[in-house]
Amino acid sequence: MSVTRIHWTGLPAAARAAVEAHTGPVVRADTASAGVNSGIAATVTTATATLFVKGVPAGHPQVRTQRREAAINPYLPAASPRMLWHVQAGGWDLIGYQRLTGRHADYTPGSPDLPLVAHAVNELQDTPCPDIELKRAEQRWASYAGSSDASTLAGNTLLHTDLAPHNVLVNDRAHIIDWAWPTRGAAWIDPAVLILRLMEAGHTARAADEWACEHIPSWQPAPHLDVLAFSRANAAAWDEIARNDPQGWKKEMSRHAHDWVTFWSDRSV
């Protein structure tokens with residue numbers, strides 16, 4: 001469920017005061033244009049520092065995802081932005097993050113960003129999954145798996161599960177951001193998620209598969225039938241997303257998910 005985006009000055013005075021207790025007086029705030037999951041998302045400048053502030057109303061359902069972000073942050077790879085503070089005030093749940101400069105990743109075929117993205121994903125896959133409460137892949141996709149056994153999605157890898165290009169910032173390297181859905185599961189799930197985003201950016205299913213085989217070690221040995229079961233469940237999830245909120249890009253992602261199922265069903269093991 002999306003949140004209506006407001007500007008810094010639209011926050012209640014008590015919420016702004018709670019932020020400034022950590023930052024000092026804010027002299028400038030620039031609202032981010034990307035993303036739909038935060039009611040406030042702004043680059044905030046004080047006399048001594050610049051940081052990124054995001055938040056949601058404390059009573060909004062999205063507050064659960066923000067609190068998941070706060071819980072997972074200490075365990076993320078060094079390239080992910082560090083959480084500086086987390087406060088609740090004025091009816092808002094607010095997080096301050098280390099500010100990263102960069103642009104959203106380019107996933108189009110031949111993009112020089114792709115090796116950087118692969119490096120970031122592999123760095124994440126090498127990061128120990130913390131012993132904290134996390135969503136489990138076999139639970140997240142169970143309702144979409146139909147007759148398939150969702151237990152094949154189980155594993156102990158820390159997954160991002162939403163590797164859209166707007167969730168990856170690029171400068172001299174790629175940084176995975178926006179950790180609303182950290183999940184514990186099989187390592188090959190994140191490459192499977194990324195493949196659909198590569199298709200969205202213009203790769204064919206075959207080209208995306210070949211790229212993942214070459215650049216992400218967990219992908220090539222992924223069990224064929226397990227990937228097929230996940231792919232069908234993920235296509236069902238995208239169908240539901242597109243039905244509930246039929247924006248063009250969501251319907252396109254549903255189509256890519258089904259095209260991928262067709263390709264993977266015919267792919268030689």
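Small disclaimer: the values here were computed from a predicted structure and weren't measured.
- A donor-acceptor pair shorter than 3.5 Å cannot be found between the side chains of S231 and W264.
- For H160 and W179, the ring centers are positioned less than 6.0 Å apart.
- Within the structure, the salt bridge (Lys or Arg N to Asp or Glu O under 4.0 Å) test picks out the following pairs touching residues 198-227 (sequence neighbours left out): R197-E200, D209-R267.
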- Item | Trace of the side chain to side chain donor-acceptor pair (under 3.5 Å) decision for H86 with N73 | CA-CA 11 Å; H86 182 202; N73 187 266; over 6 Å; no
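- Put simply, CD1 on I132 and OH on Y75 are 5.0 Å apart, with the number rounded to the nearest 0.5 Å.
- One finds the CG atom of L114 at 8.5 Å from the CG atom of L194 (value rounded to the nearest 0.5 Å).
- Heavy atoms only, all atoms of each residue included: Q220 and C213 are closest at OE1-O, 3.9 Å.
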- side-chain contact (heavy atoms from CB on, under 4.5 Å) evaluation trace for I95 with W85: CA-CA 6 Å; I95 297 179; W85 41 261; 5.5 Å; no
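- Judged by distance alone, the side chains of Q62 and T65 do bring a donor and an acceptor atom under 3.5 Å apart.
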Let me have the donor-acceptor pairs involving side chains of residues 40-48, under 3.5 Å, with sequence neighbours excluded, atom names and distances please.
residue, atom, partner, partner atom, Å
T46, OG1, T48, N, 3.2
T46, OG1, A49, N, 3.1
T46, OG1, A49, O, 3.3

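- With rounding to the nearest 0.5 angstrom, the CH2 atom of W260 is 9.5 Å from the OG1 atom of T204.
- Residues D93 and K54 are not paired through a salt bridge, judged by the lack of any N-O separation under 4.0 Å between the basic side chain and the carboxylate.
- Remark: R184 CZ to N156 CG distance equals 5.0 Å, nearest 0.5 Å.
- Side chains of H258 and D239: a donor on one and an acceptor on the other come within 3.5 Å.
- Side-chain contact of R140 with T183: a donor-acceptor pair under 3.5 Å is present, judged by distance alone.
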